[in-house]
Protein chains: 2
Amino acid sequence: MPDDRPQTRIQKRNRETILEAALEVFSSEGFRGATLDQIASAAGLSKPNVLYYFASKEAIYTELLSTLLDTWLDPLRALDPNGEPIAELVAYMRRKFEMSRQFPRESRLFANEIVQGAPRILDEINGPLKALVDEVAGLIQTWISAGRLAPIDPHHLIFSIWATTQHYADFDVQVRGILLPEGDSHLDTAEDFLVTLYTRTLTPKAD
Amino acid sequence: MPDDRPQTRIQKRNRETILEAALEVFSSEGFRGATLDQIASAAGLSKPNVLYYFASKEAIYTELLSTLLDTWLDPLRALDPNGEPIAELVAYMRRKFEMSRQFPRESRLFANEIVQGAPRILDEINGPLKALVDEVAGLIQTWISAGRLAPIDPHHLIFSIWATTQHYADFDVQVRGILLPEGDSHLDTAEDFLVTLYTRTLTPKAD
DNA sequence: GATCGACTTGACCGTTTGGTCAGAAAAGCC
DNA sequence: GGCTTTTCTGACCAAACGGTCAAGTCGATC
């Protein structure tokens with residue numbers, strides 16, 4: 001077990017290699033479906049060597065999850081209360097969509113965890129995540145009250161943005177299967193669709 | 001191994017009991033995460049007895065999946081080409097939402113399978129499912145061309161209906177955690193939200 | 001280039017897991 | 001009640017799994 005403070009070059013490199021390999025395996029097999037042998041093999045290391053850098057399979061998984069959860073919420077934090085409401089929310093949706101595009105494995109890892117009851121991050125959900133969402137929902141409500149957005153339930157608006165954007169990462173096989181033989185450009189089409197969806201929904205009726 | 005044709009009372013009852021227990025376990029643990037012992041215990045039977053009724057763990061799983069896939073697509077098939085477009089699509093969304101409400105475990109079982117690459121139902125997706133979706137997408141396109149719906153990409157509209165409705169089953173823990181301490185009525189609120197979302201999106205601009 | 005600590009590994013261990021099997025109970029039938 | 005077929009179970013097995021350990025190799029520092 002290497003110390004926390006002084007990280008040697010080799011430690012840094014191998015820990016990163018292991019986390020990358022573990023992300024690949026965990027995201028497509030789930031926690032229980034993934035094996036240390038798979039992870040070690042994907043990392044190009046022996047199993048005991050993997051366990052030299054991480055105390056256990058569980059330790060690798062939780063490290064991945066906690067690192068992920070942080071970056072996952074960045075788009076929400078980037079909402080500007082002083083911006084133009086519709087533009088802000090569409091921009092938020094775009095950021096979330098961009099994360100599905102760039103980090104589909106992270107999205108699937110998260111989806112796996114939540115679908116199976118989120119046993120390891122329930123506290124994070126009920127605590128910090130809830131607080132952040134409530135705050136943003138409050139902001140959206142003030143925009144609606146000011147007549148700058150069409151009236152809509154803020155919490156469910158956020159849920160629907162999550163659902164629609166993450167769908168393209170989490171259900172990728174299904175989307176691809178149905179859209180075949182289209183190329184990879186389907187994600188651009190999807191983004192255009194979502195912009196339209198939320199623009200129409202959020203634009204207040206002209207008086 | 002019981003024959004297919006003559007099903008005794010006991011066979012019928014126990015096979016159903018096992019499938020019900022397996023649904024409970026598979027939907028919350030995934031295929032690899034579930035164990036035969038868990039399923040047997042949940043069914044109140046011994047493990048060898050479970051294997052007397054099903055050839056293998058895999059056989060239980062695939063039977064669940066194939067039964068599920070059929071009923072899962074019923075709402076799509078119920079679309080009426082001669083109905084009023086917006087009413088038809090909103091009604092379709094409501095049916096999908098109702099399935100999330102009544103069969104959340106089935107939804108999670110499906111989600112687990114797709115997220116992990118749908119290894120067992122890829123053919124179903126690329127074949128019958130794609131065909132059905134393409135057909136409905138064509139219908140929606142004719143409605144749009146006739147000016148009865150606001151222009152929108154039909155395939156992605158269908159995806160977004162799936163994503164938003166299934167989200168409340170698949171990500172139930174997350175939704176509940178954020179909406180606490182609200183009661184179970186949040187699903188009614190969600191449905192209202194979705195009706196608004198799609199009504200606004202689909203209603204053509206007044207000329 | 002010797003020394004010390006960091007790194008790596010083959011062999012191994014206990015447990016869990018999916019699955020088998022011979023035979024014991026039940027159930028159905030006359 | 002006897003006989004056959006179906007249903008059920010305890011004991012067992014081989015493979016896979018997460019994890020350990022003693023011993024070996026490598027890399028940095030002097």
Side-chain angles (χ1 to χ4, degrees), chain A residues 1-26 28-65 112-113 116 119-120, chain B residues 1-65 109 112-113 116 119-120:
Chain A
M1 274 162 266
D3 282 347
D4 267 343
R5 260 61 63 89
Q7 279 242 77
T8 69
R9 283 201 332 274
I10 297 181
Q11 271 173 37
K12 194 163 193 285
R13 171 169 53 84
N14 280 354
R15 284 180 62 94
E16 275 170 14
T17 305
I18 291 169
L19 287 174
E20 156 66 25
L23 173 60
E24 185 71 25
V25 178
F26 279 135
S28 76
E29 311 274 349
F31 177 72
R32 290 221 40 194
T35 72
L36 279 174
D37 285 294
Q38 281 177 289
I39 295 172
S41 161
L45 300 172
S46 68
K47 186 168 67 170
N49 205 6
V50 167
L51 288 168
Y52 173 73
Y53 290 103
F54 290 89
S56 64
K57 177 184 171 183
E58 176 103 23
I60 306 176
Y61 187 74
T62 51
E63 170 131 354
L64 269 181
L65 258 192
N112 258 308
E113 178 70 12
Q116 301 190 2
R120 288 157 239 269
Chain B
M1 270 164 269
D3 283 347
D4 267 343
R5 259 63 61 87
Q7 277 242 80
T8 69
R9 284 201 332 273
I10 297 181
Q11 272 174 35
K12 194 163 194 284
R13 170 168 53 82
N14 280 353
R15 285 179 61 94
E16 274 168 16
T17 306
I18 292 169
L19 287 173
E20 157 65 28
L23 173 61
E24 185 71 27
V25 177
F26 279 134
S27 67
S28 77
E29 311 274 349
F31 176 72
R32 290 221 39 190
T35 72
L36 279 174
D37 285 296
Q38 282 177 287
I39 295 172
S41 160
L45 300 172
S46 68
K47 186 168 65 170
N49 204 7
V50 167
L51 288 167
Y52 172 73
Y53 290 103
F54 290 90
S56 64
K57 176 183 171 183
E58 176 103 22
I60 306 176
Y61 187 74
T62 50
E63 170 132 354
L64 268 181
L65 259 191
L109 182 76
N112 257 308
E113 177 69 12
Q116 300 189 4
R120 289 158 238 267

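Note that these values count all heavy atoms, side chains included, but never hydrogens, waters or copies made by symmetry. First the proteins, then the strands, lettered A, B, ... as listed; each starts at 1.
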Starting from C1' on C:dG18, measure out to CZ on B:Phe26 and report it in whole angstrom. 11 Å
Of the listed nucleotides (C:dG18, D:dC17, D:dT9), which one gets closest to any side-chain atom of B:Leu36? C:dG18
To the nearest 0.5 angstrom, please state how far the OG1 atom of A:Thr17 sits from the CD1 atom of A:Ile10. 11.5 Å
Check this one for me: any side-chain N or O of B:Asn14 less than 4.0 Å away from OP1 or OP2 of D:dC8? yes
Can a side chain N or O of B:Arg32 be found less than 4.0 Å away from OP1 or OP2 on C:dG18? no
What is the distance, to the nearest angstrom, from the NZ atom on B:Lys57 to the P atom on C:dG18? 4 Å
Looking across every strand, which nucleic acid part, if any, lies under 4.0 Å from A:Ala40 by heavy atom: base, sugar-phosphate, or nothing? nothing
Please report the distance, rounded to the nearest Å, between CD1 in A:Ile18 and C1' in C:dC7. 12 Å
Rounded to the nearest Å, what distance is computed from the CD atom of residue B:Gln11 to the P atom of nucleotide C:dA27? 15 Å
Figure out the CG/P separation between A:Leu45 and C:dT8, and round it to whole Å. 7 Å
C:dC21 C1' sits how many Å from B:Tyr52 OH, rounded? 14 Å
Whole-Å gap separating P (D:dT20) and CZ (A:Phe54): 15 Å
Distance col, row A:Ile60:CD1 vs A:Tyr53:OH, nearest 0.5 angstrom, shows 12.5 Å
Let me know, please, whether B:Gly33 or B:Ile10 comes out on the 5' side of the other along DNA chain C by nearest nucleotide. B:Gly33
Donor/acceptor link under 3.5 angstrom from B:Lys47 side chain onto base of C:dG18: yes
Check whether NZ of the Lys or CZ of the Arg A:Lys57 lies under 6.0 Å from the centre of the six-membered ring of A:Phe31 and within 45 degrees of that ring's axis. yes
Candidate nucleotides C:dT20, C:dC7, D:dT9, ranked by approach to the side chain of A:Tyr53 - the nearest: C:dC7
Output the single nucleotide from C:dC7, D:dG19, D:dT7 whose closest atom is nearest the side chain of B:Thr8. D:dT7
What does A:Arg9 touch in the nucleic acid at a heavy-atom separation under 4.0 angstrom: a base, only the sugar-phosphate, or nothing? sugar-phosphate
Can you figure out which of C:dG18, C:dC21, C:dG10 approaches the side chain of B:Pro48 most closely? C:dC21
Closer than 4.0 Å, any side-chain N/O of A:Asn49 to the OP1 or OP2 of C:dT9? yes
For the residue pair B:Thr35 and B:Lys47, establish whether any side-chain heavy-atom pair is separated by less than 4.5 Å. no
Applying a 4.0 Å non-hydrogen cut-off, can you work out what B:Ala59 is touching in the nucleic acid: base, sugar-phosphate, or nothing? nothing
Value in whole Å for how far the C1' atom of C:dT16 lies from CD of B:Gln38: 12 Å
Would you please test A:Arg15 and A:Glu63 for side-chain contact (heavy atoms from CB on, under 4.5 Å) and show each step? CA-CA 11 Å; A:Arg15 284 180 62 94; A:Glu63 170 131 354; 3.2 Å; yes
